[in-house]
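When reading the values below, keep in mind they use all heavy atoms of this one structure, side chains included, and skip hydrogens, waters and symmetry mates.
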Amino acid sequence: MAVAASEQTTVNHYIAQASGAAISERELAQFVSAWQKLGEIELAFRESAVEIVEEQGFTPERFNAILEAFRNQAEPTPALTNQEKEKLDTIVAQIEPLRQRTQVQMENALQSEGLAPDRFSEIYNTIQQDETLQQRVQQMMESQIGQ
């Protein structure tokens with residue numbers, strides 16, 4: 001039984017070694033906490049962006065359709081009116097500083113958890129490729145929500 005506990009401790013200490021980047025239990029906990037903070041920041045950004053869009057008279061659906069058309073280098077359907085073009089300029093002028101503040105908040109959240117953005121990305125990519133790690137992260141998130 002002591003051997004099994006010792007092996008489990010070793011396994012938990014270095015959960016994954018994909019891409020040559022071992023993830024310690026501590027880093028995994030930092031990742032989970034950072035992930036949750038980033039989610040909150042992202043949600044606040046989206047809510048603020050939707051508010052800006054709606055203040056300019058767009059529905060989120062229309063605005064997203066316009067964005068999708070631009071991404072695909074196509075003309076939105078229905079075509080943009082001159083009034084919509086002006087409102088889009090206003091939206092972009094308001095959302096860009098919000099996006100920049102959000103980026104700084106995200107970087108600060110990672111830093112407060114002790115993770116560099118590159119390391120956070122490495123851990124994220126490793127988790128995406130490892131079902132066992134995905135389950136472990138899910139368990140950790142659920143236990144934090146339960147607290």
Side-chain angles (χ1 to χ4, degrees), residues 8-147:
Q8 186 62 38
T9 301
T10 303
V11 169
N12 284 339
H13 185 66
Y14 289 103
I15 293 175
Q17 293 186 351
S19 306
I23 301 171
S24 69
E25 186 72 15
R26 179 174 179 262
E27 280 185 310
L28 199 58
Q30 290 170 309
F31 175 87
V32 167
S33 184
W35 181 264
Q36 291 172 329
K37 286 180 180 180
L38 295 180
E40 292 169 7
I41 294 167
E42 176 70 20
L43 179 61
F45 169 78
R46 288 178 186 266
E47 289 171 350
S48 296
V50 166
E51 193 174 296
I52 290 168
V53 167
E54 289 176 341
E55 285 174 358
Q56 292 301 315
F58 284 98
T59 64
E61 295 78 18
R62 174 67 174 148
F63 184 74
N64 287 334
I66 293 167
L67 287 181
E68 188 64 28
F70 286 157
R71 282 187 197 115
N72 294 327
Q73 299 179 347
E75 188 64 31
T77 305
L80 286 174
T81 65
N82 287 336
Q83 186 181 18
E84 284 180 322
K85 288 177 186 176
E86 289 175 16
K87 289 180 179 184
L88 281 175
D89 289 341
T90 301
I91 290 169
V92 169
Q94 292 177 346
I95 287 181
E96 183 55 26
L98 177 63
R99 187 195 62 73
Q100 290 173 356
R101 282 192 306 274
T102 299
Q103 183 65 37
V104 168
Q105 289 174 335
M106 290 179 153
E107 290 169 4
N108 289 340
L110 289 176
Q111 186 177 34
S112 75
E113 291 302 324
L115 288 174
D118 289 345
R119 183 61 179 150
F120 179 86
S121 294
E122 286 175 0
I123 294 169
Y124 175 82
N125 291 333
T126 301
I127 290 168
Q128 292 302 307
Q129 298 172 14
D130 186 322
E131 192 172 316
T132 303
L133 268 178
Q134 291 170 21
Q135 291 172 356
R136 178 72 178 120
V137 167
Q138 184 66 33
Q139 290 170 347
M140 291 174 81
M141 286 184 178
E142 288 171 1
S143 72
Q144 283 190 357
I145 291 170
Q147 293 178 351

Check your understanding: How would you list, by chain and number, every residue that makes a side-chain contact (heavy atoms from CB on, under 4.5 Å) with Pro117, sequence neighbours excluded?
Key -> Leu110
Exercise for review: Flag the pair Ile23 / Phe31 as yes when at least one side-chain heavy-atom distance between them is below 4.5 Å, and no otherwise.
Suggested key: no
Exercise for review: Determine whether the side chains of Asn72 and Glu68 contain a donor N or O and an acceptor N or O closer than 3.5 Å.
Suggested key: yes
Practice item. Decide yes or no for Glu51 and Glu47: does some side-chain heavy atom of the first lie under 4.5 Å from some side-chain heavy atom of the second? Key: no
**Study point:** Atom pair CE/CD of Met140 and Gln36 - distance to nearest 0.5 Å
**Key:** 9.5 Å
Check your understanding: Looking at residues at least two apart in the chain, or sitting in another chain, which of them share a side-chain contact (heavy atoms from CB on, under 4.5 Å) with Phe70?
Key -> Ile66, Pro76, Leu80, Leu88
Study note, to complete from the structure: Closest heavy-atom pair, Leu115 versus Ile123, reported as atoms and distance to 0.1 Å, is CD2-CD1, 4.1 Å
Review point. If you take all heavy atoms of Ala109 and Lys37, which pair is closest and at what distance?
Key: CB-CB, 4.1 Å
Practice item. Taking side-chain contact (heavy atoms from CB on, under 4.5 Å) as the test, write out the residues that go with Gln73, two or more places apart. Key: none
Study note, to complete from the structure: Across all chains, not counting sequence neighbours, the side-chain contact (heavy atoms from CB on, under 4.5 Å) partners of Glu54 are Val50, Pro60
**Study point:** Backbone N/O of Ala29 and side chain of Ser33: donor-acceptor pair under 3.5 Å
**Key:** no
Donor-acceptor pairs are to be reported for all side-chain atoms of residues 91-103 against protein atoms at under 3.5 Å, with residues two or more places apart or in another chain.
from, atom 1, to, atom 2, distance (Å)
Glu96, OE1, Arg99, NE, 3.2
Glu96, OE2, Arg99, NE, 3.4
Glu96, OE2, Arg99, NH2, 2.6
Glu96, OE2, Gln100, NE2, 3.1
Thr102, OG1, Leu98, O, 2.8
Gln103, NE2, Glu107, OE2, 3.2

**Study point:** Pair Glu142, Gln138: side-chain N/O donor-acceptor within cut-off below 3.5 Å
**Key:** yes
Practice item. Test side chain to side chain contact (heavy atoms under 4.5 Å, CB included) on Asn64 and Val53 and set out the steps. Key: CA-CA 10 Å; Asn64 287 334; Val53 167; over 6 Å; no
Study note, to complete from the structure: Closest non-hydrogen atoms of Val32 and Met141, given as atom of the first, atom of the second and distance, are CG1-CG, 3.6 Å
**Study point:** Sequence-distant partners of Gln56, side chain to side chain donor-acceptor pair (under 3.5 Å), two or more places apart
**Key:** none
**Study point:** Atom pair NZ (Lys87) and CD1 (Ile52), whose distance is rounded to the nearest 0.5 Å
**Key:** 15.0 Å
**Study point:** Qualifying residue for side chain to side chain contact (heavy atoms under 4.5 Å, CB included) with Phe58, from Arg62, Glu61, Glu55
**Key:** Arg62
Practice item. Could you tell me whether the side chain of Glu75 and the main chain of Ala69 form a donor-acceptor pair under 3.5 Å? Key: no
Review point. What's the verdict on salt bridge (Lys or Arg N to Asp or Glu O under 4.0 Å) for Glu122 and Arg119, showing C-alpha distance, side-chain angles and the deciding distance?
Key: CA-CA 5 Å; Glu122 286 175 0; Arg119 183 61 179 150; 2.8 Å; yes
Practice item. List the steps, then state whether side chain to side chain contact (heavy atoms under 4.5 Å, CB included) holds for Arg136 with Glu25. Key: CA-CA 10 Å; Arg136 178 72 178 120; Glu25 186 72 15; 2.3 Å; yes
